[in-house]
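Read through the structure below, which is laid out as structure tokens, and then see the notes.
Just so you know, these numbers use all the heavy atoms, side chains as well, and skip hydrogens, waters and symmetry mates. Counting begins at 1 with the first residue of the sequence.
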Amino acid sequence: MALIVQKFGGSSVADAARVRNVARIVTDTHKAGNDVVVVVSAQGDTTDDLIAKAAEITGNAPKREMDQLLTAGEQISISLLAMACNELGCPTVSLLGWQAGFQTDSKYGAARIKTVRTERLQVELGRKNIVVVAGFQGLCKYDDITTLGRGGSDTSAVALAAALHADRCQIFTDVEGVFTADPRKLRHAQKLAEITYDEMLELATLGAQVLNNRSVEMAKKYNVELEVLSSLTNQPGTIVKEAANMEKMLVRGVTKDSDAARISVIGVPDVPGIAFKIFSRLAAKNINVDIILQSVGHQGRQDISFTVGSDHAEEAIGLLRGLDLLNGLELVCDTAVAKVSAVGAGMETHPGTASKMFEALFEADINILMIATSEIKISVLIAEADADRAVAAVHRAFFAEG
Ligand code: ADP
Ligand code: ASP
Ligand code: MG
């Protein structure tokens, strides 16, 4: 007998037929003699619909109230799934995040899990119940409901698997695993049998939403092996695990992130301390800066460009306008850009990887605006309109198509 955590995303529970399908998977696992804890997301587009409802009322909703609103989505799906499992003959209880012991910090909208108090879960498992837990939510020290940020149910599942020392953690979704590129966008994308935590973390952070990046971070920290698989086909998925004994691939995946903006400050004085003043101003407001490019100085002046998430672009520009030392300088913001990245642990030891990627982009006549590299990834910033073509071209350069 094993303790298994199973997580089902929004499309896996989108309607009554899908809820029944999930109930069948869960109850089959339970009937095979396992303890089962299930995490579910809100049905289909419910979270987006709730956000739209708030926007009908105000353009400036308090984050606390947004969390109250959004957690309603998961409350619907846990109760429906519990009903469906009971129908199939397995005693099942549903628990909201706070009932399942999720304690978070009080950063509404992007809360971090501090602990999971498992007493109630243990009691329910001791009663041989299937336990269905609402993903994406917890309770902070002010007894307020919080949410973990979009895609946060993956993190709920990993946190539960770690807290309960589960034997397996399965993330069911609407594709058969992690692919070499988004399989919905690229027909030739191939399913990966396995991928390291570090590679998955890069892919998730750089745009592959199949797993939330925080969930991968947590899985690595607590050494929770993940299996990503489809709730709709009975096929083996992708294992996300430690690098030991895994063949290094030059490139494991190619991904794009359209949620980027490039900000350029033109003609800043070429003197010490400028970069410090610009970027400390942004850091103080928790604005994450990604690629940074500083031009060679000319006649005592230089340009500094950097990228931020597009939802932070306006705030970043406002902050820079408030800096005396940039008074009167031209600030340019371009949101029609995207970051395309190739990720793979093998590139650490293969210096030709970057040039191969640049060659593929050159052959597709795609202009590179900025470049960033680390041991296991190469990212380029390009025009957003070219992003899908760029992913296809880079993918073609590294993977046989057939
Ligand atoms: P869920 O609702 O189950 O959490 P998501 O929509 O968050 O599902 O994530 C699954 C989606 O991730 C897939 O439908 C697919 O389009 C997208 N995706 C992007 N990149 C990849 C990739 N490299 N491998 C698999 N899926 C990917
Ligand atoms: N329902 C939430 C969202 O849409 C959480 C999740 O799906 O993981 O972001
Ligand atoms: Mg998701």
Side-chain angles (χ1 to χ4, degrees), residues 2-14 18-19 21-23 25-27 29-30 34-44 46-47 70-85 90 92-104 111-113 115-118 120-122 124-125 129-139 145-174 209-212 214-219 222 224-231 237 240:
L3 170 55
I4 303 181
V5 172
Q6 299 184 319
K7 180 260 169 178
F8 296 88
S11 48
S12 296
V13 290
R18 294 272 173 100
V19 170
N21 172 58
V22 168
I25 297 172
V26 170
T27 53
T29 311
H30 192 252
N34 301 296
D35 284 337
V36 190
V37 177
V38 185
V39 174
V40 271
S41 301
Q43 291 186 288
T46 303
T47 309
L70 296 191
T71 49
E74 272 69 13
Q75 181 157 4
I76 295 171
S77 44
I78 55 168
S79 46
L80 292 176
L81 180 59
M83 291 174 203
C85 292
C90 291
T92 304
V93 287
S94 66
L95 299 176
L96 291 166
W98 66 268
Q99 293 172 305
F102 276 85
Q103 299 187 334
T104 72
R112 284 194 176 257
I113 299 167
T115 50
V116 184
R117 301 191 51 151
T118 60
R120 174 74 186 273
L121 289 158
Q122 304 283 8
E124 299 298 346
L125 290 172
N129 281 327
I130 294 175
V131 189
V132 181
V133 178
F136 170 62
Q137 54 177 260
L139 194 73
I145 306 287
T146 53
T147 65
L148 308 180
R150 297 304 305 268
S153 299
D154 296 334
T155 314
S156 308
V158 175
L160 275 179
L164 293 166
H165 305 290
D167 299 290
R168 287 168 79 182
C169 183
Q170 298 180 305
I171 309 288
F172 288 87
T173 182
D174 57 0
Q209 88 269 25
V210 60
L211 281 177
N212 173 284
R214 277 209 203 156
S215 73
V216 184
E217 216 169 56
M218 189 177 286
Y222 295 101
V224 175
E225 199 170 289
L226 305 178
E227 184 182 0
V228 181
L229 69 173
S230 167
S231 62
V240 187

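Residues Q6 and I25 have side chains in contact (heavy-atom distance under 4.5 Å, counting atoms from C-beta outward).
Side-chain atoms of Q137 and T147 include no donor-acceptor pair closer than 3.5 Å. With hydrogens and angles left out, the side-chain atoms of S94 and S79 include no donor and acceptor closer than 3.5 Å. For the residue pair S11 / D174, a side-chain donor-acceptor distance below 3.5 Å is found, with atom types taken as modelled. Side-chain contact annotation: N34 with T29, donor-acceptor N/O pair under 3.5 Å absent. Inspection of the T155 and S215 side chains reveals no N or O donor paired with an N or O acceptor under 3.5 Å.
Side chain of Q43 to backbone of G10: no donor-acceptor contact under 3.5 angstrom is found. A side-chain donor-acceptor contact under 3.5 Å links Q99 to the backbone of L96. At distances below 3.5 Å, at least one donor-acceptor pair connects side-chain atoms of N212 with backbone N or O atoms of R150.
Atom OG of S41 sits about 5.5 Å away from atom CD of E74, to the nearest 0.5 Å. Remark: S153 OG to L148 CG distance equals 7.5 Å, nearest 0.5 Å.
Considering V22, I130, I76 as possible partners of L81, the one that fulfils the side-chain contact (heavy atoms from CB on, under 4.5 Å) test is V22. With respect to V131, the side-chain contact (heavy atoms from CB on, under 4.5 Å) criterion is satisfied by exactly one of L160, L125, L164, T92: L125.
Take F8 and apply the ring pair (Phe, Tyr, Trp, His ring centres under 6.0 Å) test, not counting sequence neighbours, and it matches F172. Partners of A166 by side chain to side chain contact (heavy atoms under 4.5 Å, CB included), not counting sequence neighbours, listed by chain and number: L3, V5, A161.
The two residues G237 and L229 come nearest to each other via the heavy atoms CA-CB, 3.9 Å.
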